[in-house]
Structures are given as structure tokens and as C-alpha cells.
Amino acid sequence: MKLILDHVTHIYDPHTPHARTALRDVSLQIGEGSFIGLIGHTGSGKSTLIQHLNGLLKPTEGSVYADGKDIADAEYNRRALRGRVGLVFQYPEHQLFEADVFKDVCFGPKNLGLTQKETELRAYEALQQVGLEPEVYDQSPFDLSGGQKRRVAIAGVLAMRPEVLILDEPTAGLDPGGSREILSLIASLQKERGMTVILVSHSMEDVAAYADRIIVMNGGGVTMDGTPAEVFAQADALKEIGLSVPAATEVCRRLYAAGIPVRPDVTTAEEACEEICGCFLR
Amino acid sequence: MAEAIVKTENLTYEYIRRDAEGNPEGVTTAVDHLSLDIAPGSFVAVVGRNGSGKSTFARHLNALLVPEESAVWIDGMDTRDSDKHLDIRMAAGMVFQNPDNQIIGQVVEEDVAFGPENMGVPTEEIRLRVDEALELLKLTDKRLDSPNRLSGGQKQRVSIAGVLAMRPRCIILDEPTAMLDPQGRAEVIRTAHRLNREEGITVILITHHMEEAVDADCIYVLDKGKIAMQGTPREVFARVEELKALRLSVPQVTYLAWLLRRRGVALPEAVLTVEELVNALVV
């Protein structure tokens, strides 16, 4: 599925003294099968942006197109769109509510109007995809660990078989082991199912490790858009807007500045290791 | 060494797991015979995976939980003595994860005054303490603001100011940055170090962001309620593979240096900062 934002501006509480512009004239194209990292400090417009992609928010000005169709059109099926563009909010486990895990995962597909059989089939499939053991299917979601709860919540969105999966800080509050597991799960889903993934994250290291494209937001607009190497090459500009680069990038930048012939645009520890070994071990 | 500000001896905390009908299913030992001494004026980080017992441990340090068998002493006071609970909570202040759950005042200075007010501190003295706490947390210009107009990092600073107004000898920060962005996170950690350095307040920081533990005097790694490792950041972060097995990690620069060392690049055993690594390579 292809999504296009065409000159989108969003103002909260327009025509009131509290009016606040959260998005300013944003134009973006999101193609099929990419893994996009969306970064920016708090208040930069990330959450407002992602809520436009599945029609939860409507642009104050401009349009959003899904496969060429304007999603604001009266006849456009926005309910189906919410199944095709799945959104996993921050701390999604706070939204679990059913008596058992299986019922909770069924909630999304059921609301899409699917038959009981198809709903259950998809719920099973999604629970398998997130790696939860059948023993927990009939347990209360509230008895699970934090990492497991988050998997249930992600399964609830996957059960709608979205073509685009948007995750708002999916690793917040998880320990490093839990974070690694969730991120590699998302990466494998993206590869195996050809899904488009949009990962909102505060961790430059995570974004560098998984994304093939990074979109940087600041003050409601897109200020950078490119590969991790292209974006993290602009370390000074990132620092100016309160962001940073991965430590591995910083090390190579400083070595390069000190006259050591390493590539200054590496983005992961493994890449940096290869570059540095190339210079120091001959 | 001066007398420990926090001392635990075989601290053990068990709770009964129950099934959906409320019948007991078994016993979970959240903290398991944990003994440690924390020296006054030190900055200690406690790290561990989700469910390792960090928060249960923290709740024993200001008598929110009281041990049944073993013992905890805060500034020499036994937390089993309920007459001492008010003194213990004044000596050891606690800041939690979610700033929105711990701020109650309509105005910043009112929120900061809440603790000393409840302790029965005279009004003039409260005024003095609130001024001082706001000054230390660099919040003086926000004193008349509504807390809900502040950023996450600023709100956590208000929470810390509220604790500080009780003049504690020790502050326990239980994952204070979990809900903050990198700027807010840095703001809170910087503040904790400044209070430790300039005011001599003991800081116990509970976190699973390894970067936040780099400047601590000592790190305790908890696993299954026990101390799995302890030492200076350099000692602990040298054990990259063991930490990974405990579902933890090391800062990326430490990991990069570890990769390089394994490949045969001459480097010290644990590198903690970008500067250190660059300086070690550029000779």
C-alpha cells in the first residue's frame, strides 16, 4: 500500500485561543515494504503525523492519499483503512481489556466485520507470529509479564493483517533483552510479510540498526529524510534540534576528524568495528 | 567507611501468586537474601531485567514495604519499627517512574510544599525550603506555573524538588526516566549527579538504561532477587556477555570497544565514553 501526504497541516483546537499547529505543510511518500524510522523530540509532531496515516486525525489543510484515493472523501472506507494501516500506540498493553489473551486478539478482526471463523484463524496466526506459546492463549492478559503483554497488544493489530504497521515507541519500559526481542520480531515480520513498518523511536541506535529510511521531524515539519547514513552524517544539525547520533557514528566522525581514514557515516557498532579494524589491524 | 546510610541484611520478600479464582498457586521470591551497604554520599545504580526485583527492593528503602524476617536500616533506623516510618521517609525520599502520578499541586511551588507541609514544618521554614529546592532544581522561574504545562523532564524535576524539600539524606529514583525522551532523561540524570556532588545527597538510581549508570560510583546488577554482579561501572561493563545473558546490555560505545578488543585492537578492558575510545585509538 502506498501512502502520500500532500501539504498536510494540522491545527489542534483551531479558531480558539488554544490553537496549536502540530504539523506544518508536510509532504511525504511512503512506499511499499520499507522500514522507516521516525525520530524527533517530544512535541515535534510525530504522533500527530502517524495518526493521519490511518485516518484517526484529519488534516486541517492538505490531503492524505492511500493507493491514490483521498481518505477524507465521504465515500472512502476509513474503517477498512484502519485494518490496513495498523497502529500500535505507546504502552499498548494499557489497552488490553478482555478476559483472556485470545479474545483480546480477536477484537480487531471482529470489528472489521469478519466471520467468527476467519477472526479466530487470524488471531491464532497473529499469536504465533509474535511468538507466544499456546499455554497463555486462555490466560488473563493481566497475568503476563510486561514483554508478553506487549506481544499480545502487537498481535491484536497484526490480526487485522495490516499492510502498514506503525509502532509508537514499542520498546519503552522494556529491559534491553525485551527490547531486542520486540525489534527483531518487527524486523522479521517486515521481511517475511513484505509489510511497511514505521517505527517511532527515541533510540538512534535502534533506528540505525533496523531502518532503511529515517524521517526526522522538528517543529511540526520534516527536516531530514534519507538513509541512516545520510541522516546521521548531519550530526551537527541533529544536535541543534536536540537529537543525537549513535555512539558508533560519533566515534568514527571523531576519528575521521583526527585524520584516521575511517568512513564517518557508519551507523552501527558492527560497521564501525569493521572500519576501525581496517585502519588499525593490517 | 562512615556508617552505611542504607544497610540490608538477608533482605527477602515473598508474595503469594493467585490464580483467577484467588486460590494460591505458589510463592514468588521477589528479593532473595539480599545484603548490601551503601555509604553516605555515594551514587549507586541498581540495574536488572524486568521482574528482577529492583522495584521491590526500592520499596523497602523508605518503608513502603517492610521485611518480615530480614532487616533494612536507613540511616541507622530499622524499618520494622513503625514509630520510625515518618523519620525514615524524611531521610530517604522516593521518586517514581510516572511524573503524572506523583504531582498533586495546582501550581509548582504548592506541589513542592506538600511534603514539608504534611510533616508539620512551620510555614516560614516551608517557604525557605521550597525556595531552596526550586533553586537547586533550576525551577524558580516555573514556580507559579501549572505542572501540567511542563515537559516530562521538568515534571520529574518538580517531583525531585518535592522530595528535596523534606531535606532527605538519600534519594531513591525508581526508573525516573522511563517515560521521558532523551533530553528529559539527560536533564534528570544530570540533576541527580549535581545533588549528589554539590549537596552530598546519597543517590540510588534504579534503571535499565545502561548509559545512565556509567557515572555511578557503584553498580549492583540484580537478577531473580539476588545480586548477580557488583562493582564500578568499569568492572561491571567489562562483562559484556554475562550482562547480555541477564537480558541487559552495555552502552553502545562500550560494546564497540569490546568488539574491537576481541578482534585484537589494543584497548583497555572496558571503555565507557566516546572520548575514551577516541583517545585510546588516536595516540
From CA spacing to verdict: side chain to side chain contact (heavy atoms under 4.5 Å, CB included), B/S151, A/T42: CA-CA 9 Å; B/S151 71; A/T42 308; over 6 Å; no

Distance in Å, B/N98 CG paired with A/Y91 OH, rounded so as to fall on 0.5 Å steps: 8.0 Å

Chain B contact via A/F142 - which portion, at a heavy-atom distance below 4.5 Å: neither

Closest non-hydrogen atom pair, B/Q252 against A/A247: OE1-N, 3.1 Å

Non-hydrogen side-chain atoms of B/R247 and A/P176 separated by less than 4.5 Å: no

Interface residue of largest heavy-atom contact number with chain A, from B/H209, B/E211, B/E275, under 4.5 Å: B/E275

Nearest heavy atoms of A/V251 and B/V278, plus distance in Å: O-CG2, 4.0 Å

Chain B contact via A/T268 - side chain, backbone, both or neither, heavy atoms under 4.5 Å: backbone

N/O donor-acceptor pair under 3.5 Å between A/D175 side chain and B/N50 backbone: yes

Value rounded to 0.5 Å, distance of CG in B/D181 from NE2 in A/H41: 8.0 Å

Side chains of A/C277 and B/L260 in contact at under 4.5 Å (non-hydrogen atoms): yes

Heavy atoms of other groups near A/F89 CZ, more than 12 under 6.0 Å: yes

Side-chain heavy atoms of B/Y255 within contact of A/E270, under 4.5 Å: yes

Close side-chain approach of B/R263 and A/E274, heavy atoms under 4.5 Å: yes

From CG (B/N279) to CZ (A/R254), nearest 0.5 Å: 9.0 Å

Under 4.5 Å from any heavy atom of chain A - which part of B/L277: side chain

Most chain B-contacting option - heavy-atom pairs closer than 4.5 Å, from A/A248, A/G146, A/G147, A/A258: A/A248

Min side-chain heavy-atom separation A/R180-B/S249 under 4.5 Å: yes

Choice from B/L281, B/V282, B/T207, B/T273 maximising heavy atom contacts with chain A below 4.5 Å: B/L281

